[in-house]
Every structure is written in structure tokens, then in C-alpha cells.
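Quick notes on the structure that follows.
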Amino acid sequence: MHSSLKIVLLLLSIIVRVKTEAGVELIKYTVEFMDSANKFLAEFADTDQDINWSNEINGLNKDNLKLNIKLASDLKAYIKNLNDVLARIDVNIVEDRNLRRQLKKIPGLGYDLLEAEELSELTNVTLGMTEIYKTVNLCSYKNKNVCNLTLIPHVQDIIHTSDDINEIEYYWREWRIKTGSSIRDKFQRFIEFYRKTALLNGYETPSDYWYRNLEEDSDIIKEDLEIVMTSLNPILKGIHAFVRHVMLQRYGSDIVSATGPYPSHLSEIFIGRAFRMADLSSIEFPYPDKSLFNITEKLSTIGLANTKDIFVFVDEYFSSLGFDSFNEHYWLQSTAPKHSADETYLTCFNRVFKFSGLPESKMAYCPQVDETRFYGMFETVAQLHYSRSYKVQPFVFQDELFPNFNDFLEKLFSLAASSPKYLERVGLISKEETGYEYRINRLYLMALQNVFVLPIFHILDKYRVDILDGKLDVNDNCGYWELVEKYIGAAAPFPRSSSDFDAPSKLLIGVDDEYSTQIVGTIIQFQLFKILCENSGQYVKEDPTKPLDMCDLYGEKEVFDRIRTLMKSGSSKTWREVLLEVTGEIELNPEGFLEYFHPLHNWMKKDNSKNNVVVGWTQSSRCQR
Ligand SMILES: *[C@@H]1O[C@H](CO)[C@@H](O)[C@H](O)[C@H]1NC(C)=O
Ligand SMILES: *[C@@H]1O[C@H](CO)[C@@H](O)[C@H](O)[C@H]1NC(C)=O
Ligand SMILES: *[C@@H]1O[C@H](CO)[C@@H](O)[C@H](O)[C@H]1NC(C)=O
Ligand SMILES: *[C@@H]1O[C@H](CO)[C@@H](O)[C@H](O)[C@H]1NC(C)=O
């Protein structure tokens with residue numbers, strides 16, 4: 001790597017000279033520049049990936065750690081050089097669209113454009129926030145002499161299993177008392193540095209920089225997101241009313257209002273439990289006596305006794321769509337169990353290691369065999385096909401359509417595989433279990449996981465973007481609660497004021513983590529799913545015998561071209577271009593998402609009116625400026 005780095009630096013200096021002495025030659029050298037950038041960036045990534053692979057299957061060791069650090073600093077220096085050259089090329093005069101886009105995909109410098117002291121303060125500020133999150137200690141509610149409880153995992157474990165509302169409220173309040181003001185100052189500093197970084201990177205506004213991965217003007221993205229939120233509103237309100245009614249019956253009207261927003265600490269726990277599948281017994285399902293099916297014990301009855309069996313089985317699903325199969329050779333050469341296979345239920349997952357140079361991506365797998373690992377394999381194999389497909393692209397395009405998109409493309413396939421139709425097809429559930437009541441229960445759990453998180457993601461971004469844009473002040477705590485109330489229908493459990501600082505703890509561990517790509521990813525996942533299911537005839541609008549949630553796509557070869565087109569493009573086009581090419585639609589269309597949950601929404605409407613439950617929420621006055 002060392003010698004190759006020298007060569008490219010030499011090459012770069014030549015290009016710079018050419019640019020100044022003979023502008024006409026520029027394009028030719030630009031092509032060479034880009035080729036060499038692709039080559040060396042790929043080399044860096046593959047070397048790094050080799051180390052990562054070794055860490056995953058052999059465990060971390062000190063030598064690897066040193067190698068990783070060295071490599072990261074070499075890469076940084078190299079990218080700095082690329083950017084120096086890039087600064088001298090007028091990218092916009094490059095006529096070839098593909099080349100122009102490649103140049104634009106060369107990694108930027110981001111925070112590294114800040115002055116050294118600023119950068120170190122920024123690092124201190126962000127590390128400081130994470131440290132607060134990790135180290136703040138609370139005293140136990142049950143024993144005030146024990147004062148060494150951390151938020152994760154101690155307090156979280158307590159509140160997710162507690163039935164004592166006073167205990168839950170106690171921790172909610174304590175955590176905020178202990179963290180609020182020290183976070184606010186750090187958050188304010190972060191905002192200042194972020195604004196500056198946006199300008200230094202050539203963006204007109206901080207929000208343009210925030211949404212840069214979606215490659216659109218921030219005003220357009222903001223409008224798109226509002227449209228999505230508005231179309232989600234009816235189903236969100238329906239489920240909100242149902243959940244609030246459940247809470248009201250459990251905790252009483254002193255704590256939960258029948259018509260107002262529900263208390264935010266209870267809603268966090270409610271949604272948290274849906275994600276921590278382990279606590280499902282505490283969720284009240286629409287049909288409590290028709291339990292959710294759990295296929296774990298059935299897997300062995302259809303011959304799936306280990307991870308390899310599952311892999312081969314899932315591979316066959318993808319072959320039925322037209323994909324080339326991964327053969328025995330692949331299994332022997334490119335897969336290995338994870339080093340720490342005893343990881344917990346929540347952390348043991350397969351990981352794909354994509355390589356640009358070697359023939360195939362590798363897979364480190366979680367050797368457990370259960371329902372979660374079964375569905376997870378559909379996602380893993382989808383990812384293997386994705387990275388295999390976009391290898392036809394130059395290195396800077398060998399990537400997902402936008403950050404996090406891969407997750408949603410994968411989920412399209414586990415969504416199909418978890419449909420009752422597929423599970424019955426392969427003998428994992430009975431015909432009876434594909435019935436209406438089971439379907440509604442399944443959709444309900446999925447709605448808690450999918451419908452409710454979108455507005456949460458939305459306000460996580462909107463809160464920070466509004467502050468960055470100067471529309472909201474860091475000291476205006478009530479401004480935060482207004483967003484929570486408007487989009488989520490939740491309010492603080494106690495009176496709050498501007499002297500408090502309640503921005504969610506998620507922001508402490510990743511203060512610049514951007515969530516809107518997850519919203520766009522989710523909408524596209526269902527938009528595409530609907531088109532594919534329509535295309536194959538498995539879904540027919542308004543035909544109750546062909547609802548979207550039953551579609552499994554199995555054996556539907558006619559959908560293959562669309563999927564392949566999408567997978568092959570990598571990041572060579574914008575998401576809107578790819579969306580148009582694959583679905584014929586240029587706008588985000590939440591119809592697929594709404595259609596998927598339509599049977600549940602209808603059920604909710606009936607149930608809410610049967611119980612005389614008010615839908616929607618009045619304004620609270622919990623936060624006073
Ligand atoms: C290797 O792992 C590190 C740490 O998880 C990650 O930041 C990096 O992107 C990985 N390298 C590649 C090439 O994926
Ligand atoms: C940040 O800087 C302060 C003082 O300059 C120091 O006390 C603190 O330990 C630093 N925090 C981190 C996380 O580096
Ligand atoms: C917390 O402190 C108590 C004694 O006060 C001790 O028994 C316990 O092990 C400590 N727990 C943790 C997680 O450090
Ligand atoms: C499914 O069943 C298995 C084995 O009976 C059990 O360990 C697991 O917790 C169950 N999973 C869920 C999500 O209920």
C-alpha cells in the first residue's frame with residue numbers, strides 16, 4: 001500500500017501541472033485521475049476489509065488494531081490529496097455524465113476542513129456527550145443507597161420489565177435532571193461546528209449539507225418528508241388511539257388522557273417492547289388468543305438444522321426469482337461462523353464483507369438457528385446479491401443507492417419470506433395460521449415496529465435541522481416538545497419548561513446521525529414491493545383474495561429484471577433516477593406502505609369506534625415557555 005500511495009501522489013502532481021499549463025488536456029487526465037482514484041480507493045477498502053474479516057472470525061487483536069489505525073490515517077492523507085486535485089478540476093465542465101458523477105462521488109473531507117483546534121474541540125464535545133450517556137449514574141428507585149445504575153443496560157432493563165408506573169416516572173425524571181444542562185452546552189457547540197463544516201464543504205445551507213446523501217435540494221427533501229408524514233397520519237392516528245386506549249385501561253385516567261397525547265415515557269416503552277421481541281407477552285394483540293406464530297421449533301421439521309441448511313434453503317428462494325445460486329464452493333471458501341457466536345439474541349447477526357477485488361463477498365454468520373436467524377438469512381443473501389451485482393460499476397459506485405438503503409432492500413425480501421403465504425408454502429405454519437386473525441396480529445406487531453418509528457425518525461432530524469437553520473433555538477425546550485406532540489402524539493409526563501433540555505438520548509451517541517434516509521428507504525422498500533407484487537399478479541388492488549401482506553414473490557421470475565436493474569446500478573445514479581427506471585414513478589409514493597397495513601387500519605377503525613375511542617389528540621400544555 002505504501003509504495004502504491006507514492007505512485008498515485010506522483011500522478012496527482014502531474015495532473016495538477018497539466019491543468020495549469022494546458023487546460024485542453026484536462027479531460028484526458030481527468031479520466032486517468034479517476035481511474036487511479038478508483039483503483040487505490042478499492043485497494044484501501046479491500047485491505048481494510050481483510051482486517052475487519054479477521055477481527056470478526058478470529059477476534060480482535062492488538063496488531064490488527066494498529067493496522068486499522070495506520071490504514072485510516074493513510075486513507076485520510078490520500079483523500080486529502082484527491083480533494084486537492086479535485087479542487088483544481090472544474091467538475092461541471094466535464095461533459096461525460098458518468099465521469100462527472102464519479103468525480104462527485106470521491107469522498108469529501110467533512111469535518112477535516114475545520115481548523116485543528118476546532119476539530120479537537122468538536123471531538124471532545126461529541127465524545128463528551130457519549131460519555132454522559134454511558135457513565136451517568138442513577139440511584140435505584142427501590143433502594144436509594146444503590147447509586148451505580150447506568151442508563152444502558154441497568155435502567156433500561158428495569159423500565160422495560162417494570163409494571164410500576166411510579167418507578168418508570170422516577171427514572172424518566174432522574175435521567176433528565178442528571179444530564180440536561182451539561183448536554184445543552186455541548187449540543188450548542190456541536191451546532192456551531194456543524195454550520196461551519198457545511199459552509200467549508202461548499203454547501204449553501206447547513207440543511208443542504210445535512211441531507212447531502214439524498215442528493216437533492218434540502219427544500220425539496222423537507223417537502224417530500226412532510227408529504228410522507230401527512231399521508232401516514234390517518235393510520236398513525238388509528239393505531240395511536242388503540243394504543244392509548246390500552247394504556248388508559250392499564251394505568252388509569254390520572255396518567256393517560258382519553259383524548260390528549262399519551263405520555264412519552266410510556267410510548268417509548270411500548271414501542272421498545274415491540275422491538276425487543278423478548279417482551280412480547282406484555283403487548284396486547286388485537287386477537288389475544290391467536291398468538292403470533294413462532295417458527296423456531298418448526299425449522300428442524302422441514303430439515304433446517306443448522307446455518308448451512310438455512311443458507312441453501314434461502315439461496316433456493318432467490319434462484320426461484322432468477323438469481324444465480326451460491327454453490328457449495330462459495331459456502332466452503334467464503335463463509336465462517338462469527339468469533340463470538342455466543343453473542344446475545346440482540347447482537348448475533350450475520351455480517352457481509354464486500355470486496356471490490358476478490359471474486360466474492362464473504363459472510364460471517366451467527367450459527368444460531370431460530371426464527372430471527374431464518375429471516376435474517378434472507379436479508380444476508382439479498383445483500384450478497386446486491387454487492388455481487390454492483391461490482392460491474394467503477395469503485396466509487398460500488399455502493400448502496402444511499403446510506404442505509406441496503407437495509408431496506410434486504411428487508412423487502414424478509415418481508416416477502418415472513419408472509420403467511422410463504423411460511424405455509426414451505427410447511428412452517430398451518431393453513432389455519434394464514435387466517436385473518438393471525439394476519440392482523442402479525443400486521444399489528446409490524447406496525448408498531450414500522451409505522452411508529454417513521455415519525456420518530458422524522459423529528460430526530462427535523463429538530464436538529466430546524467436548529468441548524470435557525471428556526472428553533474437550542475434553549476427552546478418547548479420547541480422540541482411541540483414536534484413530539486405534533487408528529488408522534490406524545491407529551492412529557494411532567495410539566496417542562498425552557499430551562500429543561502429534553503432532546504432524546506439517541507442524539508448523544510450519534511449527534512450527527514441522519515435518519516431521513518431511513519424514512520426514504522422504508523417508503524421505497526414498500527413502493528417497490530407493491531410494484532413487484534402487482535407485476536407478478538400476487539397483489540391485486542381491492543381484491544381481498546390477493547392482499548399485499550400475503551405476497552411472497554416466490555418463483556416470480558418476471559420481477560427479476562427490475563430487481564437486477566436496481567442492484568446493478570449501485571450508486572451510479574440518484575435514487576430518483578433509479579426509482580423512475582425501476583418503478584416508473586419519480587416521486588416517493590407511500591401507497592405501498594399504506595396498502596400493506598390497510599387490513600390492520602380497517603380493523604383499528606372498527607375497533608376504535610366499537611370502544612368509543614376518540615381518534616387524534618388535543619393539545620397539551622405540558623411545556624411552558
Ligand atoms: C472496517 O470496520 C470499520 C469499523 O467497524 C469500519 O468503519 C470500516 O468501514 C470497515 N471497512 C470496510 C472496508 O468496510
Ligand atoms: C474535554 O476537554 C475537557 C477540558 O478541556 C477535559 O476535562 C475533558 O476530559 C475532555 N473530554 C473528553 C471526552 O476528551
Ligand atoms: C452497585 O453497587 C452495589 C453495592 O452498593 C454492588 O453490590 C453492585 O454489584 C454494584 N453494581 C454494579 C453494576 O456495579
Ligand atoms: C420462539 O420459540 C423459541 C423456542 O421455543 C423461544 O426460545 C423464543 O424466545 C421464541 N421467540 C419469540 C419471539 O417468542
Side-chain angles (χ1 to χ4, degrees), residues 1 38-61 63-76 78-79 107 110-111 116-158 179 182-183 185-190 193 338-340 347 349-358 360-364 383-384 386-387 390-391 395-400 403-404 406-407 508-513 570-571:
M1 179 54 68
N38 272 316
K39 176 164 173 286
F40 287 112
L41 287 171
E43 215 173 288
F44 269 112
D46 282 1
T47 311
D48 198 35
Q49 199 64 295
D50 257 331
I51 301 171
N52 285 0
W53 170 254
S54 161
N55 285 341
E56 183 85 27
I57 61 169
N58 303 318
L60 275 173
N61 72 46
D63 292 344
N64 275 350
L65 221 55
K66 275 190 212 141
L67 278 175
N68 268 134
I69 293 170
K70 168 91 179 63
L71 203 61
S73 96
D74 285 353
L75 176 61
K76 206 180 215 182
Y78 178 61
I79 290 178
Y111 295 123
E117 305 94 76
E118 294 174 319
L119 191 56
S120 96
E121 192 190 337
L122 174 65
T123 310
N124 180 294
V125 161
T126 50
L127 285 179
M129 282 195 260
T130 310
E131 208 160 287
I132 290 173
Y133 181 75
K134 286 193 181 141
T135 59
V136 158
N137 284 307
L138 304 183
C139 295
S140 160
Y141 172 74
K142 292 203 168 116
N143 181 352
K144 296 282 186 314
N145 295 323
V146 174
C147 287
N148 56 2
L149 305 184
T150 58
L151 187 66
I152 310 277
H154 306 130
V155 172
Q156 202 182 49
D157 283 347
I158 295 172
T179 58
S182 53
I183 296 171
D185 297 343
K186 290 186 165 50
F187 188 65
Q188 178 68 55
R189 282 304 275 161
F190 160 77
F193 286 129
K338 290 168 83 90
H339 175 68
S340 41
T347 58
F349 287 107
N350 305 334
R351 267 188 76 192
V352 167
F353 293 76
K354 62 171 185 172
F355 288 89
S356 178
L358 300 177
E360 282 289 0
S361 299
K362 296 185 182 180
M363 170 179 72
Q383 200 184 342
L384 289 173
Y386 196 15
S387 49
Y390 59 55
K391 258 193 190 181
F395 179 77
V396 287
F397 294 159
Q398 290 178 14
D399 205 351
E400 53 191 338
N404 296 315
N406 187 33
D407 289 353
L508 303 186
I509 30 175
V511 68
D512 63 355
D513 281 357
S571 63

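Count residues from 1 along the sequence. All ligand and atom numbering here is 1-based and tracks the order in the structure. Note that the structure is predicted; figures quoted are calculated from it, not measured.
The aromatic ring centres of F40 and F44 sit 6.0 Å or more apart.
When only non-hydrogen protein atoms are considered, atom 1 (C) of ligand 1 lies nearest to N52 ND2, 1.4 Å. Of the protein's heavy atoms, A45 O, 3.4 Å lies nearest to atom 13 (C) of ligand 1. Counting only heavy atoms of the protein, atom 9 (O) of ligand 2 lies nearest to N124 ND2, 4.8 Å.
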Checking side chain to side chain contact (heavy atoms under 4.5 Å, CB included) for the pair E118/L122: CA distance, chi angles, key distance, verdict?
-> CA-CA 6 Å; E118 294 174 319; L122 174 65; over 6 Å; no
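The shortest distance between side-chain heavy atoms of N137 and T150 falls below 4.5 Å.
If you number the atoms of ligand 1 from 1 as listed, the ones under 4.0 Å from a heavy atom of D48 come out as 1 (C), 8 (C), 10 (C), 11 (N), 12 (C), 13 (C). Ligand-side atoms of ligand 3 in range of H154: 13 (C), range being under 4.0 angstrom from any heavy atom.
Within a 4.0 Å radius of atom 11 (N) of ligand 2, the protein contributes at least one heavy atom. When distances from atom 7 (O) of ligand 2 to the protein are checked, no heavy atom turns up under 4.0 Å. Put simply, atom 4 (C) of ligand 2 has no protein non-hydrogen atoms near it, under 4.0 Å away.
Screening T123, D512, T126 for a side-chain hydrogen bond (donor to acceptor under 3.5 Å, both in side chains) involving Y111 leaves a single residue, D512. The only member of D63, L60, I51 that meets side-chain contact (heavy atoms from CB on, under 4.5 Å) when paired with N68 is I51.
Close N/O approach between N148 and ligand 3 is found [any backbone or side-chain N/O within under 3.5 Å]. For ligand 1, none of its N or O atoms has an N or O atom of R351 under 3.5 Å away.
Taking 4.0 Å as the cut-off between side-chain N and carboxylate O, D185 and R189 do not count as a salt-bridged pair.
For K338 (side chain) and F349 (main-chain N/O), a donor-acceptor pair under 3.5 Å exists by modelled atom type.
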